Every structure is written in structure tokens, then in C-alpha cells.
Amino acid sequence: MSLLLQITIFLGASLLLVPLAKRFGIATVLGYLFTGILLGPSVFNIASDPEAIQELAEFGVILLMFIIGLELRPQRLWEMRKSIFLMGSLQVGISGIILALLIFFALNQSLSASFVIGMALALSSTAFVLQLLAEKQQLNTTFGQQSFSILLFQDIAAIPLLAIIPLLAGTESTHHGVAYFAAIIATFSGLFLFSRYMMRPFFRFVAKSGAHELITAVGLFIVLGVVALMDVLGISTTLGAFLTGVLLADSEFRHELEASIAPFKGLLLGLFFMTVGMTTQLSLLVDMPWLIIGGALVLMLVKSVTLTAIARYLNYSWRNSLLLATCLAQGGEFAFVVLKVASSEKVLTQAMLEPLTLIVTLSMVLTPMLYWIISNWIIPLIDKEKTPVYDEIPDTHNPMIIAGFGRFGQIIARIAHLQHQSFTAIDSNLEKVDFVRKYGGTLYYGDATQPDILRSAGIEHAKVFVLAIDDIEDSMNVARHIRLNYPNLKLLVRARDRHHVHLLRDLDVEHIWRETYLSSLGMAYRVLRELDISEEDAYKSIELFRDYDEKLLLQQQRVYTDEQKIYETHRNALAELEHLFESDAQIRQEPTGVNLQRGLAHQRIDVTRDDSN
């Protein structure tokens with residue numbers, strides 16, 4: 001079967017089976033793996049020659065590492081050095097030694113074979129884990145960043161591991177001697193100089209030509225060129241692609257490169273996992289089920305327990321420790337590479353290579369299931385057992401209380417702090433409380449909906465109460481309590497939306513700030529000025545819209561429980577506003593530059609300023 005026909009079959013099958021897997025809540029990576037298993041020799045045998053496209057599929061991992069490199073500036077790498085080298089070395093070293101000892105005693109392998117197998121199984125799947133975290137939108141979490149750091153160390157550690165395999169086999173190879181590592185240093189030094197003095201000027205030359213599609217061509221050319229060079233020198237192509245991305249991370253063309261290469265990366269990564277699925281020999285699962293299933297479970301258990309212990313030793317929470325361990329519990333694509341090289345160098349027998357490959361694949365399949373169990377069952381139990389106690393808030397008679405310390409409450413607190421005004425801040429998010437306290441801030445952990453918490457915070461002596469709670473129902477409960485029990489207290493409330501405003505006005509709350517409303521007006525003013533609208537006309541437009549929007553809000557207050565009437569008043573107001581814009585020249589406005597006081601809370605707005613001023 002031709003290469004083109006095989007790729008066509010792969011793409012067609014993935015278009016059908018991967019969305020079907022997603023529909024049942026199965027991770028995309030697993031969908032590709034199952035597609036490869038179905039197409040391979042073990043099931044339907046539709047495409048029986050995966051080796052023909054495996055080399056092409058490996059470019060998916062290469063492009064993934066290149067894009068990861070683009071996201072990492074050298075300064076950020078330096079900042080992450082502790083996570084990369086400390087946690088990474090501990091994970092690989094401890095997991096590798098434990099697994100090597102198990103292989104040596106349980107499977108009666110030689111010392112050199114046990115060492116190679118243990119270290120290979122200690123490496124996790126960069127492509128698999130990053131894809132899983134991206135789908136869960138947890139790549140930027142604490143455990144997501146630590147996972148990435150450890151994966152990065154593993155990719156680096158794969159190079160010396162590959163280099164010592166011939167030495168363990170007892171073969172003399174100048175390719176893996178001192179000259180080999182000298183070639184690595186020289187190559188990476190050359191890449192640094194090339195990116196600084198040739199690559200970036202070349203990008204600018206291409207960009208000035210106006211042919212934007214050539215940016216994609218340049219990006220692919222650079223990646224493929226570096227990969228070809230790494231292949232000739234016998235250096236890890238994935239590490240070479242990663243370092244090339246790092247060298248271009250400070251380039252002004254980084255975003256164009258990432259956007260142009262991302263589609264190729266996604267397709268080729270899918271192709272890579274399909275080839276992994278095709279090379280999986282399910283017959284071994286029938287012939288030796290205890291070895292395959294037991295091996296996969298032991299592998300995941302050793303790695304997850306080791307990582308959890310390391311993370312806890314380094315003072316990570318139980319939640320982050322367990323999630324980190326779960327993400328990295330499987331074997332990885334580098335295990336396939338290391339084990340295959342070990343087999344070719346006669347360190348490992350073919351009889352051991354095939355079941356080990358299936359064990360690594362099965363561990364990948366089981367990882368999303370383990371992740372689901374940990375995140376949905378284990379962690380909620382831990383969180384429930386560790387229900388923290390609310391703080392005892394000292395009654396210091398501060399003139400201001402801030403309930404809710406999100407982005408709204410934080411701004412109020414910072415401005416009050418700059419003016420040396422004391423306040424008491426309360427929030428029910430424990431992680432946020434701990435974070436603020438790390439930087440010396442005073443924030444108490446408590447539930448502002450509980451009257452006892454408000455009394456202990458000194459509400460009876462406060463002059464101003466800033467209600468900035470995110471949840472609308474909780475906000476309304478606090479507002480009702482204050483209006484009923486402390487009618488003379490000045491209450492300033494942040495409203496989530498128009499409906500929240502209506503509810504607050506029903507309680508006769510006078511001072512209300514609609515979330516994002518004033519900042520959107522300020523941005524609208526800036527947009528008009530950037531479009532060469534005069535300052536006077538821009539002010540008129542903003543104030544006109546603001547005036548009518550607040551009038552509309554007052555009109556809707558009487559009918560806000562009737563959706564049809566709300567729609568009609570909104571439509572009528574828009575039509576009237578459009579007419580007023582058209583006849584703007586005939587409307588008499590207040591003098592330019594005057595900040596008008598209008599609306600629910602008599603708010604003053606300077607729309608000429610943005611956050612950068």
C-alpha cells in the first residue's frame with residue numbers, strides 16, 4: 001500500500017473516530033491511539049505497514065517541541081532552573097533506580113539491561129501529557145508548570161542515556177565519545193550565533209517582501225534544517241527542535257511562527273499516536289496478560305508514588321502533588337526510542353522489547369482514567385477532610401470593610417493602602433488568602449454572608465462597606481442583611497451585570513458600579529481617538545451613549561422580570577440612539593472635557609485615561 005493511500009486512510013479514520021471518542025469524554029490522544037489499534041495488524045489490518053509513515057509521524061513530536069521552545073524565553077528557562085533540574089533529576093533518578101531493581105530481580109535481566117529499561121520507563125510522554133493538560137486547560141496551573149519542567153528535564157536526560165547504551169553493550173564507538181559531546185556543544189553554539197545574526201535578519205527580509213505565506217515556509221525550513229543537522233550528528237532531533245524554538249522565543253516573529261506551524265503539529269502528533277497504536281501487538285495481551293497489565297500498573301504505581309513523595313517533600317499541597325504524579329505516571333515516546341536503540345545494540349532482547357512497548361502503550365491508555373479518578377474522587381475527599389476554620393477577625397474598628405477580594409476588591413484595597421486608609425478585607429477563597437498573606441497583605445479568611453463574621457469584622461463601627469463578592473446570590477444576601485440591620489452604613493456594591501443592578505435597586509441600594517462598564521467606556525473613547533475622531537466628538541459620543549444606557553436601565557427597572565418587555569425597551573432605545581448619533585451635530589452637549597455626574601451611583605469617569613497612563 002502506498003504512503004499516500006495510508007495517510008489518506010489514517011486521516012479519514014481519525015476524522016470519524018476521534019470526534020466520536022471526544023463525544024464519550026475520551027481524551028483526543030486516546031482517540032488517536034484507538035484509531036491506530038483498529039487500523040493496525042491486531043484488529044482490521046487495513047494499513048499493515050506503520051513503519052512506512054512512522055518517520056513522518058515523528059515530526060509531530062519535533063514540531064511540538066519547537067512550539068514549546070517558542071513559548072520559553074531564555075530568561076524564563078533560567079527562572080525555572082530549580083524546577084527543571086531539582087524535581088526532574090529526583091524523579092528520573094529515583095523512579096529509574098526503583099524500576100531497574102524491580103526488573104533485575106523480577107524478570108532476571110542483566111544489570112545493564114535492567115538499568116536501561118528502568119531509566120527508559122522513568123521517562124514520561126511529553127506529547128501525551130501536554131496534550132492532556134491543554135485539553136483540561138490546566139497547563140498554566142502549578143502542577144501543570146511543574147509537569148512541564150520535569151518533562152523538559154526528561155527530554156534532556158534522554159541524550160546521555162542514548163549515548164551510554166553502546167558503552168553498556170561493550171562496543172567502542174567514537175560516535176558516542178568525547179567528540180560526540182564536543183559536537184553537541186559546538187552545534188548548539190553555532191545555532192545560537194545563527195539565530196542571532198542570520199535567522200532573524202532573514203525573517204525580516206522575507207516579511208518585508210509582503211508574501212506572508214513565506215513565513216510558514218521559513219518556519220518549516222528552519223525546523224527541518226535543524227532536524228536534518230541533528231540527525232547527521234546523531235543528536236536528539238526533538239531536543240534540537242526545542243532549543244531552536246528557545247533561540248527564536250525573543251524574536252518578533254514568534255507568534256507568526258507558532259500560528260503557522262500549529263496546524264501541522266496537531267495533525268502530525270495525531271499521526272504519531274496512531275502509529276504507536278498500530279505497532280501495539282494486542283496478541284501479547286492475550287498470551288501474557290499478567291505481565292502486560294501488571295507491568296503497566298506497577299510502572300504507574302512506582303512513578304506516581306515517587307512523584308507524590310518528592311512533591312510533598314518539596315512542600316507542595318496534596319492536591320498538586322497527586323495531580324502532578326498522575327499526569328506523569330505513564331511511559332513515554334522516548335521509552336520507545338531508548339528501548340529500540342538498546343535492542344539494536346544487543347543490550348535488550350527482542351523478546352523483552354515487544355512486551356515493554358505494550359506496557360508503555362497501556363500505561364498511556366490508563367493515564368486519563370487514573371487522572372479522572374484522582375481529580376473527581378480522591379481530591380474532593382482530601383478537600384472535604386481538610387475543611388479549614390474561618391479566621392478570628394480582630395475588631396480593630398477600621399472605617400472600611402471590603403467583602404470579596406477579587407480583581408474589583410483588590411483595586412479598592414490597593415488605592416486605600418496608598419492613601420494610608422485602614423480597612424478590613426474578607427474573602428472565602430483560602431488559596432487567595434494565603435497568596436495575599438505571602439506578600440504581607442492583611443486578608444482574613446471568612447464568609448461575609450454570615451452575620452457573625454461581619455460583626456467580628458467591626459461592621460457596627462464601619463463607615464463604608466464595599467461589597468465586591470463575585471457570586472450574585474451571596475452578594476444579594478449580604479446586601480439584604482446590611483440594608484435591614486445597618487441602614488445608615490454607606491454601602492457600595494459591585495454589580496456583575498444589568499440584572500444584578502435591578503435586584504440591588506429593588507433593595508434601594510444607591511451606589512452601584514457595573515462590572516467592566518466604566519472600563520469599556522474608557523476603551524471605547526481610546527478607540528475613537530485612535531480612529532482620528534476629535535476629542536470633542538469622542539467625548540460627545542461616549543457621554544451620549546452613557547446617558548441613554550443609564551436611562552434605559554431605569555426604564556428596564558420597572559419591567560426587568562418580563563423578558564419580552566426588556567427586549568422591546570432595548571430595541572427602542574437602540575433605534576433612538578442611532579437616530580441621535582446621526583443628528584449629533586444638532587444636539588447641544590456640555591462643554592468638552594467636563595466629567596459628567598450621572599447614573600445610579602453618581603460615578604465620575606475620566607475616559608481619556610487607560611491603564612498604561
Side-chain angles (χ1 to χ4, degrees), residues 137-138 140-143 316-320 323 375-376 379-417 421-462 464-486 489-497 499-501 503-504 507 509 511-516:
Q137 296 183 340
Q138 293 179 324
N140 291 322
T141 59
T142 300
F143 75 89
Y316 286 93
S317 66
W318 272 109
R319 180 182 186 276
N320 286 329
L323 289 173
S375 58
N376 289 277
I379 289 177
L381 286 176
I382 294 174
D383 292 341
K384 183 182 271 189
E385 290 175 3
K386 288 192 166 185
T387 303
V389 180
Y390 290 135
D391 290 332
E392 291 186 9
I393 305 175
D395 186 358
T396 53
H397 293 192
N398 285 329
M400 179 169 64
I401 298 174
I402 303 174
F405 211 71
R407 58 185 183 274
F408 198 97
Q410 289 169 16
I411 292 174
I412 305 296
R414 288 166 60 191
I415 293 173
H417 181 70
Q421 298 293 321
S422 58
F423 60 87
T424 299
I426 309 169
D427 198 279
S428 59
N429 187 318
L430 187 58
E431 291 184 0
K432 190 183 299 178
V433 172
D434 291 338
F435 175 79
V436 172
R437 287 175 176 174
K438 280 183 182 179
Y439 292 91
T442 303
L443 176 62
Y444 296 103
Y445 175 56
D447 185 359
T449 63
Q450 297 186 13
D452 291 342
I453 296 290
L454 296 180
R455 281 195 293 270
S456 64
I459 191 172
E460 296 174 350
H461 308 285
V464 177
F465 192 98
V466 177
L467 181 52
I469 296 176
D470 189 66
D471 186 85
I472 293 179
E473 185 176 349
D474 288 345
S475 174
M476 292 301 301
N477 289 334
V478 176
R480 289 190 194 96
H481 176 75
I482 292 176
R483 296 298 297 152
L484 180 63
N485 296 281
Y486 308 97
L489 178 63
K490 184 70 70 175
L491 178 61
L492 284 68
V493 186
R494 158 237 188 162
R496 289 289 304 276
D497 49 35
H499 183 67
H500 194 186
V501 172
L503 295 174
L504 290 167
L507 295 177
V509 176
H511 303 287
I512 306 170
W513 274 259
R514 273 192 276 165
E515 188 175 271
T516 73

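Predicted, not measured: the structure shown is a model, and the values here were computed from it. Only heavy atoms go into these numbers, but all of them, side chains included; no hydrogens, no water, no symmetry mates.
A heavy-atom distance below 4.5 Å is not found between the side chains of Leu491 and His511. Contact annotation: the side chain of Leu492 approaches that of Val464 to within less than 4.5 Å [non-hydrogen atoms, C-beta and beyond]. By the 4.5 Å heavy-atom criterion applied to side chains, Val466 and Met400 are counted as neighbours. Using a 4.5 Å heavy-atom cutoff, the side chains of Leu381 and Ile379 are not in contact. Using a 4.5 Å heavy-atom threshold, the side chains of Ile402 and Ile426 count as separate. Annotation: side chain of Leu454 is not in contact with side chain of Gln450 (no heavy-atom distance under 4.5 Å). Contact annotation: the side chain of Tyr444 approaches that of Thr424 to within less than 4.5 Å [non-hydrogen atoms, C-beta and beyond].
In plain terms, the two heavy atoms of Ser428 and Tyr445 that are nearest each other are O-CE1, 3.3 Å. Pairing each heavy atom of Pro380 with each of Ser375, the nearest pair is CD-O, 3.5 Å. The minimum heavy-atom distance between Pro399 and Ser422, with the atom names listed, is CD-OG, 3.3 Å. Of all non-hydrogen atoms in Val501 and Ala495, the two that sit nearest each other are CG2-CB, 3.6 Å.
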Checklist line | Candidate pair Ile482 and Ile459, rule side-chain contact (heavy atoms from CB on, under 4.5 Å), full reasoning | finding: CA-CA 9 Å; Ile482 292 176; Ile459 191 172; 4.1 Å; yes
Notebook entry, point to check: Are Tyr486 and Phe465 close enough, and set up right, to give a side-chain contact (heavy atoms from CB on, under 4.5 Å), and what steps lead you there?
Noted result: CA-CA 10 Å; Tyr486 308 97; Phe465 192 98; over 6 Å; no
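Applying the side chain to side chain contact (heavy atoms under 4.5 Å, CB included) criterion to Asp497, with sequence neighbours excluded, gives Ile472, His499, His500. The side-chain hydrogen bond (donor to acceptor under 3.5 Å, both in side chains) check on Thr449 picks up Asp447, with sequence neighbours excluded. For Asp474, the salt bridge (charged side-chain N to carboxylate O under 4.0 Å, His left out) criterion is met by no residue, not counting sequence neighbours. Checked against side chain to side chain contact (heavy atoms under 4.5 Å, CB included), Asp452 has the following partners two or more places apart in sequence or in another chain: Arg455. For Arg496, the salt bridge (charged side-chain N to carboxylate O under 4.0 Å, His left out) test picks out Asp470, Glu515, with sequence neighbours left out. Looking at residues two or more places apart in sequence or on another chain, you find no salt bridge (charged side-chain N to carboxylate O under 4.0 Å, His left out) involving Asp471.
Between the side chain of Asn485 and the backbone N or O of His481, at least one donor-acceptor pair lies under 3.5 Å.
The line from CD1 of Ile469 to CZ of Phe408 is 13.0 Å long, rounded to the nearest 0.5 Å. The distance from the OG atom of Ser475 to the CG atom of Leu504 is 5.5 Å, given to the nearest 0.5 Å. Rounding to the nearest 0.5 Å gives a distance of 11.5 Å between CE of Met476 and CZ of Arg483. One finds the CZ atom of Phe143 at 4.5 Å from the CG atom of Leu323 (value rounded to the nearest 0.5 Å). Separation of atoms CG (Leu467) and CH2 (Trp513) is listed at 12.0 Å; rounding is to 0.5 Å. Rounding to the nearest 0.5 Å gives a distance of 9.5 Å between CG of Leu503 and CD1 of Ile512.
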